[in-house]
There are 2 protein chains.
Amino acid sequence: MARNKRHLDQKVKKEEIETVAMSLFKEQGYDKTSMATVAKEAGVAANTIYWYYENKDDLLIAVLNREVMQAMPLVLAMQSAPLSERVLTLIAQVESAGALMTDVHARVSHSDVVKQWHDRFHQMVEQLSISELIKAGVSPEHAACDARLMIYVIEGLLAHPHTMEERVQVVEHALAKLI
Amino acid sequence: MARNKRHLDQKVKKEEIETVAMSLFKEQGYDKTSMATVAKEAGVAANTIYWYYENKDDLLIAVLNREVMQAMPLVLAMQSAPLSERVLTLIAQVESAGALMTDVHARVSHSDVVKQWHDRFHQMVEQLSISELIKAGVSPEHAACDARLMIYVIEGLLAHPHTMEERVQVVEHALAKLI
DNA sequence: ACCTGAACACCGTTCAAGT
DNA sequence: ACCTGAACACCGTTCAAGT
């Protein structure tokens, strides 16, 4: 069998595992989704997953990275849109994995891999918020502090259930206070 | 054996279980603490806990209620202190169980008991924040929205590690923006 | 290199049996 | 009413063995 074929198969298998894991995590949450179920749905033996990922946390961050890679360009592409709209699309984009975010927070203290991912993600959102706030007219000295508040508001919106109107209201209210 | 004695013993046993569970949950987190460990440390058989509590989540909220019952009077007693100081002591008070808060968020979607407790707690902090903000001069129409922002900031402070200075800075910055 | 069946240690929870 | 020993179903993970 040609090496290329094998290579392709591996990529496909890995992608299938991650796709299956992603939808299962979103559907029933991280804890309730067993490695056995992921494996079965992906059509491999339960322990095969451990060939591709070190452990369950490793699979989780692989899934999360996929999600972020997919969401970021969308937000970055809206350069000309008003700030509140960009924040709202960021939330909408990450929201499908919103429940996963609370799982991430819960596992930060247990797993180094998860902690590293969380810190990087946090830094990224912070960076983005700072530059956005400065662009919106906030003085650079206060931008860092404002950005932190903004992040906590975003996290709060992700962690708790909200209607679309509530979300818009909270974001615009927060931005009005900050800018 | 007198009924009184038995009654007393039961109370003591329950208290011991909760004390042990509380310290273990704080030390190693909710997930990593097994019912078996709690039982062993409390000096009972593993399944005895199920006589007093329906399940592990039930034990968790019993522990959390204890913590809140203990913290609330302290915060309420500081009526004359400045708002920022009261918020900071609230955070310091709940902080010892801060890591548990992320566990609560993670389990809200799995357990009805946990969800109910979380909602009640949220409502309580919201109520408190609203009345505090009004007392501080915020117009009653905007107090609800401001309170929500305040709660998310508090949750953010609890969910992430901070130095004391950072905490003070964030709280005062947030209050300055809101009031 | 990739995949598997079988096993391991552990978990929350249940149940019949004891006092 | 209160407590237990023994068991159950399930979990994440490992390992020796196969291709």
Side-chain angles (χ1 to χ4, degrees), chain A residues 1-18 20-21 24-25 27-63 100 103-104 106-107 109-114, chain B residues 1-18 20-21 24-25 27-63 100 103-104 106-107 109-114:
Chain A
M1 168 165 349
R3 231 184 251 179
N4 286 344
K5 183 59 167 23
R6 280 218 135 208
H7 232 89
L8 195 78
D9 278 359
Q10 202 210 99
K11 276 248 163 131
V12 168
K13 191 112 278 186
K14 233 190 145 178
E15 251 162 57
E16 176 140 10
I17 290 176
E18 286 175 17
V20 165
L24 283 175
F25 285 163
E27 249 173 66
Q28 26 178 305
Y30 180 69
D31 282 332
K32 289 224 170 175
T33 304
S34 74
M35 295 295 259
T37 312
V38 175
K40 198 196 295 179
E41 212 106 329
V44 294
N47 46 1
T48 298
I49 303 183
Y50 288 87
W51 177 260
Y52 296 102
Y53 310 94
E54 270 201 18
N55 48 43
K56 200 184 176 184
D57 286 316
D58 211 45
L59 176 58
L60 173 64
I61 72 141
V63 164
L100 278 184
D103 288 318
V104 169
R107 294 212 59 76
S109 52
H110 301 338
S111 157
D112 257 358
V113 208
V114 174
Chain B
M1 163 165 357
R3 232 183 249 179
N4 285 344
K5 183 62 168 23
R6 282 215 135 209
H7 231 91
L8 194 79
D9 278 359
Q10 202 210 97
K11 275 247 163 134
V12 168
K13 191 113 277 186
K14 234 191 143 178
E15 251 163 57
E16 176 140 10
I17 291 176
E18 285 174 19
V20 164
L24 283 174
F25 284 163
E27 249 174 65
Q28 27 177 305
Y30 179 69
D31 282 331
K32 289 224 168 175
T33 303
S34 74
M35 293 296 259
T37 312
V38 174
K40 197 195 296 176
E41 211 107 331
V44 294
N47 46 2
T48 297
I49 303 182
Y50 289 87
W51 177 259
Y52 296 102
Y53 310 95
E54 270 203 17
N55 49 42
K56 201 183 176 185
D57 286 316
D58 211 45
L59 176 58
L60 173 64
I61 70 142
V63 164
L100 279 183
D103 288 318
V104 168
R107 294 212 59 75
S109 52
H110 300 338
S111 155
D112 257 359
V113 207
V114 174

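A, B, ... follow the sequence lines: proteins, then strands. Residue 1 opens every chain.
- Nearest heavy atom pair, residue B:Leu100 against residue B:Leu60, reads CD2-CD1, 4.1 Å.
- Comparing C:dC3, D:dC3, D:dT4 by their closest approach to the side chain of A:Lys13 singles out C:dC3.
- Look at OH on B:Tyr53: it is 17 Å from P on C:dT14, rounded to the nearest Å.
- Every residue two or more places apart in sequence or in another chain that forms a side chain to side chain contact (heavy atoms under 4.5 Å, CB included) with A:Ser34 is listed here: A:Ala36, A:Thr37.
- Take B:Ser111 and apply the side chain to side chain contact (heavy atoms under 4.5 Å, CB included) test, not counting sequence neighbours, and it matches B:Asp57, B:Val113, B:Val114.
- Not counting sequence neighbours, A:Tyr50 has no partner by the ring pair (Phe, Tyr, Trp, His ring centres under 6.0 Å) test.
- One interatomic measurement links the two molecules: CH2 of B:Trp51 to P of C:dC15, which rounds to 14 Å at whole-angstrom precision.
- A:Tyr53 is linked by a side-chain hydrogen bond (donor to acceptor under 3.5 Å, both in side chains) to A:Glu18, counting only residues two or more places apart in sequence or in another chain.
- Listed by first and then second residue, the salt bridge (charged side-chain N to carboxylate O under 4.0 Å, His left out) pairs that reach into residues 32-41 of chain B come to none, sequence neighbours excluded.
- DNA chain C forms stems at C:4-8 with D:12-16, C:12-16 with D:4-8, each a run of 3 or more consecutive Watson-Crick or G-U wobble pairs whose two key distances fall under 3.5 Å.
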Polar-atom pairs under 3.5 Å, protein N or O versus N or O of nucleotides 9-13 of chain C: list them with distances, or write none.
| residue | atom | partner | partner atom | Å |
| --- | --- | --- | --- | --- |
| C:dG12 | OP1 | B:Thr33 | O | 3.4 |
| C:dG12 | OP1 | B:Lys56 | NZ | 2.7 |
| C:dG12 | OP2 | B:Met35 | N | 2.9 |
| C:dT13 | OP2 | B:Tyr50 | OH | 2.8 |
| C:dT13 | OP2 | B:Lys56 | N | 2.9 |
| C:dT13 | O5' | B:Tyr50 | OH | 3.3 |

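- Taking the side chain to side chain contact (heavy atoms under 4.5 Å, CB included) definition, one finds that B:Ala45 meets it with B:Asn47, B:Thr48, sequence neighbours left out.
- Atom CD of residue A:Glu27 and atom OG1 of residue A:Thr33 lie 8.0 Å apart, to the nearest 0.5 angstrom.
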